[in-house]
Amino acid sequence: MTDARQDPEYIVEYADGPLVGQTDRRFLVDGQVDERIGVIAAVEGLESTFWYVAGEQRHSGDDLLVEYHFDQPDSDPVEADKEDESIFGYGA
């Protein structure tokens, strides 16, 4: 029987930013969590890349939970640029 602490997965908790409150499962790499992760998500219908940095780690039962914090300077803008909306000729 394997030790529960050897689980190859961990749970990502998005602590802030556009994904605040959401969770995800990721695989450990060589027994370690990712220090930084990129997530592609749609905001206002536009696909955006958001970067998150690992923070506090804790165990809850058999699960390893890792808090990730939004890295705004390296991420795509969260709000749609109003100038980009006119590219399609709407309202022109």
Side-chain angles (χ1 to χ4, degrees):
M1 181 176 240
T2 60
D3 180 1
R5 300 275 185 217
Q6 299 297 326
D7 192 345
E9 292 183 330
Y10 64 99
I11 297 174
V12 171
E13 296 180 314
Y14 297 103
D16 49 23
L19 303 178
V20 65
Q22 295 184 35
T23 61
D24 197 5
R25 283 195 172 269
R26 295 185 67 95
F27 287 100
L28 295 169
V29 177
D30 294 328
Q32 302 294 315
V33 302
D34 293 309
E35 288 299 316
R36 183 179 157 154
I37 57 176
V39 181
I40 297 174
V43 174
E44 295 183 18
L46 300 173
E47 194 172 86
S48 302
T49 302
F50 303 121
W51 289 98
Y52 281 81
V53 179
E56 180 182 326
Q57 298 181 22
R58 67 186 189 286
H59 283 94
S60 176
D62 292 336
D63 294 322
L64 172 61
L65 290 86
V66 182
E67 195 172 80
Y68 278 81
H69 297 277
F70 185 50
D71 186 357
Q72 184 173 3
D74 284 345
S75 298
D76 289 341
V78 176
E79 296 179 10
D81 187 348
K82 295 299 179 191
E83 291 179 19
D84 288 344
E85 291 178 5
S86 65
I87 291 173
F88 301 106
Y90 297 119

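Bear in mind the structure is a predicted one, so any value in this text is a computation, not a measurement. All heavy atoms count here, side chains included; hydrogens, waters and symmetry mates do not.
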Quiz prompt | Separation between CZ of R36 and NE2 of H69, rounded to the nearest 0.5 Å | solution = 15.0 Å

Quiz prompt | Euclidean distance, R58 CZ relative to D63 CG, rounded to 0.5 Å | solution = 10.5 Å

Self-check item: Flag if over 12 foreign heavy atoms under 6.0 Å of CD, Q72
Solution: no

Practice problem: Could you walk me through whether V66 and R26 pass the side-chain contact (heavy atoms from CB on, under 4.5 Å) test, one step at a time? | Solution: CA-CA 10 Å; V66 182; R26 295 185 67 95; over 6 Å; no

Quiz item: Looking at CD of Q32 and CD of Q57, how far apart are the two atoms once the value is rounded to the nearest 0.5 Å?
Solution: 8.0 Å

Quiz item: Would you say Y68 and L19 make side-chain contact, with heavy atoms under 4.5 Å?
Solution: no

Quiz item: L64 versus L28: any side-chain heavy-atom pair under 4.5 Å?
Solution: yes

Quiz item: Is there a path from V12 to L65 through hydrophobic residues (I, L, V, M, F, W, Y) whose side chains come within less than 4.5 Å of each other?
Solution: no

Exercise. Give a yes or no on whether the backbone of W51 and the side-chain of S75 come within a donor-acceptor separation of less than 3.5 Å.
Key: yes

Quiz item: Which residues pass the side chain to side chain contact (heavy atoms under 4.5 Å, CB included) test with D76, sequence neighbours left out?
Solution: S48, T49

Quiz item: Any donor-acceptor pair under 3.5 Å linking the side chain of Y52 with the backbone of E67?
Solution: no

Quiz item: Do Y10 side-chain atoms and D34 backbone N/O form a donor-acceptor pair below 3.5 Å?
Solution: yes

Quiz item: Can you check whether F70's main-chain N or O pairs, donor with acceptor, with D16's side chain at less than 3.5 Å?
Solution: yes

